[in-house]
Amino acid sequence: MDKMQAETAAITADYVEPLLLTQGWAVIRDAVPSEWLQELAADFSKHRHEFKAAAIGKGRELNPDTRGDLTMWLEETDPRNIFSYLECLQQEFNRRFFWGLKRFECHLAIYPPGGGYERHIDNPHGQNPRKLTFLAYMNENWATGDGGELQIFSDDGLVLTEVEPRWNNWCFFLSENFPHQVLPSTKDRQSLSGWFRHDLHI
Ligand code: OGA
Ligand code: MN
């Protein structure tokens with residue numbers, strides 16, 4: 001493991017640990033060096049044609065009214081800095097919470113103008129293979145009024161927080177506990193979405 005990634009992951013974990021324990025979600029600004037995100041953000045133009053409309057649920061149906069993003073899954077063997085940072089973060093969480101995380105998966109997502117993602121939970125009904133959701137936003141010069149906020153809800157439907165998708169803003173929440181939605185934006189909205197999982201590959 002790279003020392004810089006391990007140190008950065010420890011700093012992130014120090015910050016989010018008490019928040020995950022008390023409220024189950026955390027928002028952290030500028031979690032990683034900007035260059036690490038830039039390495040990923042290059043894929044949005046470089047691999048633009050590989051982004052596919054994202055499907056929902058068991059039937060994997062497409063419904064742009066419910067979910068408007070285009071996604072590209074990243075390889076688990078991706079050698080970039082963010083990946084070793086996320087590996088270190090997984091170790092930190094296992095050490096601190098005994099979660100027994102086995103792996104993570106993630107995709108880049110782009111929401112074209114007017115696209116959002118209606119309220120949902122990141123696990124199939126009755127199953128919780130995904131323990132922790134993470135999101136990193138990659139939009140320079142995002143302004144209030146551009147929309148695209150992530151809203152996280154309590155069980156009884158109150159908005160607990162609203163996260164603006166600004167460059168290097170990160171959000172973590174316990175996947176099984178928090179319904180959430182993405183509000184439509186007025187311009188392209190770019191992000192990394194991922195999940196730390198309990199299960200190995202089948
Ligand atoms: C998802 C999701 C939220 C966001 O990809 O499941 O809820 O803010 N994304 O991009
Ligand atoms: Mn989600």
Side-chain angles (χ1 to χ4, degrees), residues 16 19-20 24-32 37 40-41 43-44 47 50-74 76 82 86 103-140 142-155 157 159-199:
V16 304
L19 298 169
L20 291 179
W25 56 271
V27 176
I28 172 168
R29 291 172 67 171
D30 298 324
V32 302
L37 269 193
L40 278 191
D43 283 7
F44 286 108
H47 296 288
E50 290 170 45
F51 282 72
K52 303 264 175 350
I56 305 165
K58 251 216 203 112
R60 311 308 297 158
E61 60 273 20
L62 293 177
N63 185 349
D65 292 337
T66 309
R67 176 167 190 187
D69 57 336
L70 306 168
T71 61
M72 183 179 77
W73 288 90
L74 298 172
E76 281 174 66
I82 287 283
L86 290 167
R103 63 186 174 109
F104 63 89
E105 59 186 349
C106 56
H107 62 56
L108 294 174
I110 179 155
Y111 290 77
Y117 192 165
E118 282 183 0
R119 187 165 150 163
H120 65 280
I121 289 187
D122 286 345
N123 272 316
H125 192 66
Q127 293 174 43
N128 296 306
R130 290 168 162 174
K131 179 65 189 176
L132 190 75
T133 300
F134 59 87
L135 296 150
Y137 299 108
M138 288 181 269
N139 306 290
E140 314 239 31
W142 199 263
T144 309
D146 291 341
E149 294 89 351
L150 168 72
Q151 290 185 320
I152 300 181
F153 297 96
S154 65
D155 273 347
V159 177
L160 296 172
T161 192
E162 233 177 49
V163 188
E164 288 190 321
R166 291 177 186 271
W167 181 264
N168 214 351
N169 248 5
W170 288 68
C171 178
F172 296 86
F173 56 86
L174 300 175
S175 307
E176 66 186 300
N177 295 359
F178 297 98
H180 53 282
Q181 72 178 6
V182 179
L183 298 180
S185 48
T186 58
K187 51 191 197 189
D188 279 356
R189 174 197 194 265
Q190 301 179 161
S191 59
L192 171 74
S193 305
W195 299 272
F196 289 106
R197 301 181 62 117
H198 287 301
D199 55 342

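For ligands, and for the atoms within them, numbers begin at 1 and follow the listed sequence.
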Heavy-atom proximity to atom 4 (C) of ligand 1 ranks first, among Val182, Thr71, Thr133, Leu183, for Val182
For Gln127 and Asn123, the nearest pair of non-hydrogen atoms, with its separation, is O-CB, 3.1 Å
Derivation and outcome, side chain to side chain contact (heavy atoms under 4.5 Å, CB included), residues Leu74 and Leu192 = CA-CA 10 Å; Leu74 298 172; Leu192 171 74; 3.9 Å; yes
With heavy atoms and a 4.0 Å threshold, my read on which part of Gln181 contacts ligand 1 is neither
Can you tell me if Phe173 has a non-hydrogen atom under 4.0 Å from ligand 1? no
Note: Trp195, heavy atoms under 4.0 Å from ligand 1, region reported as side chain
Nearest non-hydrogen protein atom to atom 9 (N) of ligand 1, with distance, is Leu135 CD2, 3.6 Å
### Query
Mind checking whether Arg189 and Met138 have side chains closer than 4.5 Å, heavy atoms only?
no
min-distance N/O/S atom, His180 vs the Mn ion (ligand 2), resolves to NE2
On a heavy-atom basis, the closest approach of Phe153 and Val159 is CE2-CG2, 3.6 Å
For the Mn ion (ligand 2), the nearest N/O/S atom on Asp122 is atom OD1
If you scan protein heavy atoms around atom 5 (O) of ligand 1, the nearest is Ser193 OG, 3.2 Å
Between Asp122 and ligand 1, is there a nitrogen or oxygen pair with a distance under 3.5 Å?
yes
Original post:
So, Glu162 versus Gln151: side-chain donor-acceptor pair below 3.5 Å or not?
Top reply: yes
So for Asp69 against ligand 1, with non-hydrogen atoms under 4.0 Å, the contacting part is neither
Closest to atom 8 (O) of ligand 1 among protein heavy atoms sits Tyr137 OH, 2.6 Å
Practice problem: Return yes or no for this condition: an N or O of His107 is under 3.5 Å from an N or O of ligand 1. | Solution: no
Quick look: Arg189 vs ligand 1, heavy-atom contacts under 4.0 Å, and the answer is side chain
Over 60° means perpendicular and under 30° means parallel, so classify the ring planes of Phe178 and Phe173, tilted if in between. perpendicular
Check: Under 30°, 30 to 60°, or over 60°: which ring-plane class applies to His107 and Trp73, parallel, tilted or perpendicular?
Finding: perpendicular
* Does Tyr117, backbone or side chain, put an N or O under 3.5 Å from an N or O of ligand 1? -> no
* To do: Assess Lys187 against Trp142: is NZ or CZ under 6.0 Å from the centre of the six-membered ring, and within 45 degrees of the ring's axis?
  => yes
**Asked** Have Asn168 and Trp170 got a donor and an acceptor in their side chains that come within less than 3.5 Å?
**Response** yes
